[in-house]
2 protein chains.
Amino acid sequence: MSVLREKILHVASDLFQTRGINSTGVDTIVAVAGTTKMTLYKYFRSKEDLILEVLQKGHADFTTWLSNNLNKNTKKPSERLQKLFDFIEEWVTAPDFRGMAFLKASAEFPNEENPVHRLSAEQSRQFRQFLVELAADAGARDPDSLALQLSILIEGAIQAEQIKRGSGAVKYAKKAAKILIENSLETQAAA
Amino acid sequence: MSVLREKILHVASDLFQTRGINSTGVDTIVAVAGTTKMTLYKYFRSKEDLILEVLQKGHADFTTWLSNNLNKNTKKPSERLQKLFDFIEEWVTAPDFRGMAFLKASAEFPNEENPVHRLSAEQSRQFRQFLVELAADAGARDPDSLALQLSILIEGAIQAEQIKRGSGAVKYAKKAAKILIENSLETQAAA
DNA sequence: GCGGATATATACAATTTAGTATATACGTAT
DNA sequence: ATACGTATATACTAAATTGTATATATCCGC
């Protein structure tokens with residue numbers, strides 16, 4: 001039943017990432033997915049609904065993948081913060097990496113009232129919150145501050161990689177993150 | 001003569017930033033600019049040409065503004081690197097700030113062969129080169145590395161501000177930059 | 001004041017867009 | 001086998017897209 005639904009989601013996600021959301025018509029999506037518009041609108045109320053679901057699935061997949069990897073490969077909470085950028089780098093350098101969906105989506109829908117933009121902003125907030133908990137568990141002096149800085153580094157590096165594949169930005173972001181993390185853990189007593 | 005041309009450029013720039021490039025039709029542009037399509041196509045060969053010119057003008061204005069401010073308000077080259085984020089913050093917190101044009105444009109045109117994407121990538125590269133020279137003049141240990149890190153911080157913070165106005169990301173990016181800059185200047189002998 | 005070039009406005013063409021109404025094939029229960 | 005409900009395919013609508021052909025106003029030298 002829902003195999004076509006999954007297929008549509010997958011194809012739409014791929015096309016949105018490679019061609020842009022607004023530049024991808026529903027006709028193209030159904031053609032590539034090997035189905036018809038009638039079926040698409042059976043499963044999704046509108047194109048906007050499809051966009052929102054694609055974003056949600058993408059974000060869920062990413063956060064699940066990341067936290068699973070962090071939990072599997074580390075023992076102490078403090079390790080997780082150190083390993084974070086290793087997995088980000090692994091994710092970015094994977095051959096099927098196409099960018100961070102909510103970053104692109106927010107650029108295509110700049111109006112803050114727009115549902116797609118709102119979801120993007122919410123996902124960005126959730127990701128930052130995830131980093132706050134990571135920083136807090138690791139014993140950072142100011143978890144909010146460190147988490148926001150790390151999120152800026154991650155999103156900035158991914159942005160750079162979206163503009164030019166193979167820019168190596170993540171490697172430099174990783175070095176910067178190491179310095180910031182050490183700085184936040186070392187100077188517990190200071191300030 | 002060219003007052004209408006300037007007007008079209010200005011209006012297009014504003015609409016592209018507030019509504020997105022692909023979501024803004026030429027009809028809307030000429031309506032807001034108070035002219036007609038015939039005039040627009042007199043001055044610009046195609047919509048893509050208009051987009052490219054808007055991007056070029058935006059980038060030129062930004063870099064001119066930034067380097068002028070840096071030159072005026074600093075004496076020693078090492079000061080410039082410190083003041084950099086002050087001006088970035090001033091730029092971002094200005095009420096008419098609408099985001100960094102080439103970041104959004106590259107998201108709307110993800111295909112690396114696309115002329116708009118290529119120009120965006122080129123502008124990103126130029127900005128990074130500008131930072132490299134700044135870092136070199138300031139006597140950074142590894143100017144390329146520091147410049148790339150700073151560009152990641154700047155573009156990441158701006159990205160955060162595009163998703164959510166008033167996120168205060170630049171303030172945190174500034175703190176991070178300070179740490180990275182100090183680190184790069186202090187440890188001249190190391191490594 | 002008049003003729004000619006230039007800029008502007010109106011109207012249009014061809015495609016593409018999201019979304020839908022209708023018709024047809026198909027699988028299942030009896 | 002047959003009747004029924006569901007999924008799919010075709011065809012269509014209405015609006016919006018970029019770009020252009022034609023008509024009209026405006027401004028200049030003389």
Side-chain angles (χ1 to χ4, degrees), chain A residues 1-56 104-105 107-111 113-119, chain B residues 1-56 104-105 107-111 113-119:
Chain A
M1 295 311 120
S2 61
V3 58
L4 267 180
R5 193 177 200 279
E6 299 290 323
K7 179 98 183 176
I8 290 171
L9 271 174
H10 185 263
V11 166
S13 174
D14 196 53
L15 290 175
F16 287 164
Q17 293 274 25
T18 53
R19 306 186 185 184
I21 299 175
N22 280 317
S23 303
T24 304
V26 289
D27 292 280
T28 309
I29 295 171
V30 296
V32 175
T35 179
T36 67
K37 274 197 286 192
M38 211 55 223
T39 324
L40 188 149
Y41 282 99
K42 207 86 189 172
Y43 292 126
F44 307 95
R45 212 168 293 173
S46 63
K47 189 189 176 184
E48 187 173 271
D49 265 36
L50 173 60
I51 298 170
L52 292 172
E53 279 218 37
V54 165
L55 280 180
Q56 261 157 348
K104 288 182 179 178
E108 288 211 54
F109 301 89
N111 187 345
E113 305 300 315
N114 181 286
V116 177
H117 189 101
R118 288 166 84 117
L119 178 59
Chain B
M1 296 309 123
S2 62
V3 58
L4 267 180
R5 193 178 198 279
E6 299 291 322
K7 179 98 184 178
I8 290 172
L9 272 174
H10 185 263
V11 166
S13 174
D14 195 53
L15 290 175
F16 288 164
Q17 293 274 27
T18 53
R19 307 186 184 184
I21 299 176
N22 280 317
S23 302
T24 304
V26 289
D27 292 281
T28 309
I29 295 171
V30 297
V32 175
T35 179
T36 68
K37 275 196 285 190
M38 212 55 223
T39 323
L40 188 149
Y41 281 100
K42 207 87 190 172
Y43 291 127
F44 306 95
R45 213 169 293 173
S46 62
K47 188 190 176 183
E48 186 172 271
D49 265 37
L50 174 59
I51 298 170
L52 292 172
E53 279 219 38
V54 165
L55 281 180
Q56 263 159 346
K104 289 182 178 176
E108 288 210 53
F109 301 88
N111 187 345
E113 305 300 314
N114 181 287
V116 177
H117 188 101
R118 289 166 85 117
L119 179 57

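For the numbers below, each heavy atom of this structure counts, side chains included, while hydrogens, waters and symmetry mates do not. A note on names: the letters A, B, ... follow the listed sequences, proteins ahead of strands, and every chain is numbered from 1.
Note: CZ (B:F44) to C1' (D:dT20) measures 18 Å, nearest angstrom. The interatomic distance linking B:R45 (CZ) with D:dT20 (P) rounds to 11 Å, in whole Å. The distance between atom CD1 of B:I8 and atom P of D:dT18, rounded to the nearest whole Å, is 14 Å. Atom-to-atom, CD of A:E48 to P of C:dT17 comes out at 18 Å; the value is rounded to the nearest Å. When the P atom of D:dG19 is taken as reference, atom NZ of B:K42 falls 16 Å away, rounded to whole Å. One can place CG of B:L4 at 13 Å from P of D:dC27, the figure rounded to the nearest angstrom.
For A:F44, the side-chain contact (heavy atoms from CB on, under 4.5 Å) partners two or more places apart in sequence, or in a different chain, are A:R5, A:I8, A:L9, A:L40, A:L50, A:E53. With sequence neighbours excluded, no residue forms a side chain to side chain donor-acceptor pair (under 3.5 Å) with B:T24. Every residue two or more places apart in sequence or in another chain that forms a side chain to side chain donor-acceptor pair (under 3.5 Å) with A:S23 is listed here: B:N22. Taking the side chain to side chain donor-acceptor pair (under 3.5 Å) definition, one finds that B:K47 meets it with nothing, sequence neighbours left out. Under the side chain to side chain donor-acceptor pair (under 3.5 Å) criterion, B:T36 pairs with B:T39, not counting sequence neighbours. Here B:D27 pairs with B:K37 under the side-chain contact (heavy atoms from CB on, under 4.5 Å) rule; sequence neighbours left out.
Annotation: the span from A:L55 atom CG to A:L119 atom CG amounts to 5.5 Å, rounded to 0.5 Å. We find the CD1-CD distance between A:I51 and A:E108 to be 8.5 Å, quoted to the nearest 0.5 Å.
Considering every non-hydrogen atom in both A:R45 and A:D49, the closest pair reads CB-OD2, 3.5 Å.
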If you restrict it to nitrogen or oxygen atoms, what contacts under 3.5 Å exist between nucleotides 23-25 of chain C and the protein, and what is each distance?
none

Hey, what are the protein-to-nucleotides 26-28 of chain C N/O distances that come in under 3.5 Å?
none

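In the set C:dA18, C:dT8, D:dT18, D:dT18 carries the atom at the smallest distance from any side-chain atom of B:Y41. The nucleotide whose nearest atom lies closest to any side-chain atom of A:T36 is, among C:dT8, D:dT18, D:dT10, D:dT10.
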Under 3.5 Å donor-acceptor pairs involving side-chain atoms of residues 10-20 of chain A, not counting sequence neighbours:
residue	atom	partner	partner atom	Å
A:Q17	OE1	A:K104	NZ	3.3
A:T18	OG1	A:D14	O	2.9
A:T18	OG1	A:L15	O	3.4

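DNA chain D lies under 4.0 Å from at least one heavy atom of each of the following residues of residues 13-27 of chain B: B:T24, B:G25, B:V26, B:D27.
Where B:K37 and A:M38 meet DNA chain C, the nucleotide closest to each residue was compared, and B:K37 sits on the side nearer the 5' end.
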